[in-house]
Number of protein chains: 2
Amino acid sequence: MTAISSKLRARMLDALAHPNRIRILEAIRLGHTCSCEIGPELNLEQSNLSRHIRILVDRGILIPERDGVRINYKVADEEIYQLLDLSGELVRRTTERSIREVEL
Amino acid sequence: MTAISSKLRARMLDALAHPNRIRILEAIRLGHTCSCEIGPELNLEQSNLSRHIRILVDRGILIPERDGVRINYKVADEEIYQLLDLSGELVRRTTERSIREVEL
DNA sequence: TCACTACTTGAGCATTTACTCATATATACA
DNA sequence: TGTATATATGAGTAAATGCTCAAGTAGTGA
């Protein structure tokens, strides 16, 4: 069991560290598997969406599957959602801590 | 249980999405609690280190505690390390998947 | 007070990022 | 072949990021 380099981990986290990319992953989680659905759903400009998805595919987070004209995306690893959920949990706790501080 | 906004989650992930900030957190995990130790350990220029630490403190990830001239840092929430470990696990799996693909 | 250590910050710079508009490519099907 | 739908990309731009050097602030103890 070797430690993964900070550079690679940063690259993985960086791929997720954008509101729109998180929203894209959440849309896929809810069953919107192609960008022709995700775009309108999230109200993202087509080329912008395309570039965000490209980042997720390039980093090995999404896997594209062509189906005629459309391309369906699935997450390569469901564990990615654990990571997203954890980040939400951390935000929640951090917020609560700072509220407590103000109250003291 | 409300969903945390993608913006806040992105902000949390973004705070971690840099090789040096990950290395700083790992150094703290190993017991190097002040930047006077972390700097030499990681061979980071002092002002650069200061700015990275500032980001981690501002985001509520690190908590500073003055002790004379030095400032000791501790993580606000140990769960941050779960997140870092998870990112490493995802990198590992992603790498293995791409190796398997080449072998097919 | 002065000097020393620890840390912060202003300023400047190069690089990267996110975004948009317009255009190009790819697939399906008449 | 032509047309429609889905996706990708070139080019340009504004803003953010990471870094460094130099100068500043803060606490400690002589």
Side-chain angles (χ1 to χ4, degrees), chain A residues 5-28 31-76, chain B residues 5-28 31-75 87:
Chain A
S5 81
S6 55
K7 203 167 172 182
L8 287 176
R9 280 184 288 169
R11 206 174 150 70
M12 173 61 68
L13 291 169
D14 195 58
L16 305 173
H18 191 285
N20 287 337
R21 291 197 286 276
I22 292 177
R23 295 206 298 146
I24 289 167
L25 288 167
E26 294 293 357
I28 291 173
H32 304 282
T33 58
C34 114
S35 59
C36 57
E37 288 177 38
I38 298 169
E41 176 79 15
L42 304 184
N43 198 27
L44 287 179
E45 211 267 340
Q46 189 271 318
S47 64
N48 189 18
L49 173 60
S50 173
R51 285 179 218 270
H52 279 301
I53 287 182
R54 194 191 201 304
I55 289 168
L56 293 171
V57 172
D58 284 352
R59 303 283 221 277
I61 291 167
L62 285 184
I63 294 175
E65 273 170 8
R66 185 129 228 165
D67 173 22
V69 276
R70 57 188 272 166
I71 300 176
N72 292 303
Y73 298 96
K74 62 175 189 187
V75 294
Chain B
S5 81
S6 55
K7 203 169 171 181
L8 287 176
R9 279 184 288 169
R11 207 173 150 70
M12 172 62 67
L13 291 169
D14 194 57
L16 305 173
H18 190 286
N20 286 338
R21 289 197 287 275
I22 292 176
R23 295 207 298 146
I24 289 166
L25 288 168
E26 293 295 357
I28 291 173
H32 304 281
T33 58
C34 115
S35 58
C36 57
E37 289 177 38
I38 298 169
E41 176 80 15
L42 304 185
N43 199 24
L44 287 179
E45 210 266 340
Q46 194 272 321
S47 67
N48 189 18
L49 173 61
S50 173
R51 283 180 219 271
H52 279 302
I53 288 181
R54 195 191 200 306
I55 289 169
L56 294 170
V57 172
D58 283 353
R59 303 284 220 274
I61 291 168
L62 285 185
I63 294 176
E65 275 170 5
R66 187 128 228 166
D67 173 24
V69 274
R70 57 190 271 167
I71 301 176
N72 291 304
Y73 299 94
K74 61 174 190 190
V75 293
S87 72

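Below, read A as the first sequence line, B as the second, and so on, with proteins coming before strands; counting in each chain starts at 1. This structure is a prediction, so every number in the text was calculated from the model and none was measured.
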Roughly how many Å is it from [atom1] in [X] to [atom2] in [N], rounded to a whole number?
X	N	atom1	atom2	answer
B:D67	D:dA26	CG	C1'	14 Å
B:L44	C:dT8	CG	P	14 Å
B:L42	D:dC19	CG	P	12 Å
A:L56	C:dT17	CG	P	14 Å
A:I24	C:dC19	CD1	C1'	13 Å
A:R23	C:dA18	CZ	P	14 Å
B:L49	D:dT20	CG	P	11 Å
B:N20	D:dT17	CG	P	16 Å

For DNA chain C, list all stems, counting runs of three or more consecutive pairs where every pair is Watson-Crick or G-U wobble with both distances under 3.5 Å.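 The stems are C:1-30 with D:1-30.
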Under 4.0 Å protein heavy-atom contact, by nucleotide of nucleotides 6-13 of chain D - B base, S sugar-phosphate only: SBBBBB--
Residues, nucleotides or ligands: over 12 heavy atoms within 6.0 Å of A:D58 CG: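 Counting other residues, nucleotides and ligands, CG of A:D58 exceeds 12 neighbours.
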Phosphate contact (D:dC19 OP1 or OP2) by B:H52 side-chain N/O below 4.0 Å: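 Yes, within the criterion.
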Give me the atom names and distance for the closest heavy-atom approach of [X] to [Y].
X	Y	value
B:I24	B:L42	N-CD1, 3.7 Å
B:I28	B:Y73	CG2-O, 3.9 Å
B:R21	B:D14	NH2-O, 3.2 Å
B:C34	B:N72	CB-OD1, 3.4 Å
B:L56	B:A15	CD2-O, 3.7 Å
A:A76	A:G60	CB-O, 3.3 Å

Between the side chain of A:R59 and the main-chain N/O of A:L13, is any donor-acceptor distance below 3.5 Å?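 No, the answer is negative, given that no donor and acceptor are paired below the 3.5 Å cut-off.
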Roughly how far, to the nearest 0.5 Å, is CD1 of B:I38 from CG of B:N43?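 Result: 14.0 Å between the selected atoms.
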Give a yes or no on whether a salt bridge exists between B:R70 and B:E37, defined as a side-chain N under 4.0 angstrom from a carboxylate O.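 Salt bridge between B:R70 and B:E37, a charged N being under 4.0 Å from a carboxylate O: yes.
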Which is it for A:V75 and A:L62 under the side-chain contact (heavy atoms from CB on, under 4.5 Å) test, yes or no, and what are the steps along the way? CA-CA 4 Å; A:V75 294; A:L62 285 184; 3.8 Å; yes
I need the residues from residues 6-13 of chain A with at least one non-hydrogen atom less than 4.0 Å from DNA chain C; give them sorted by number, or say none.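 The answer is none.
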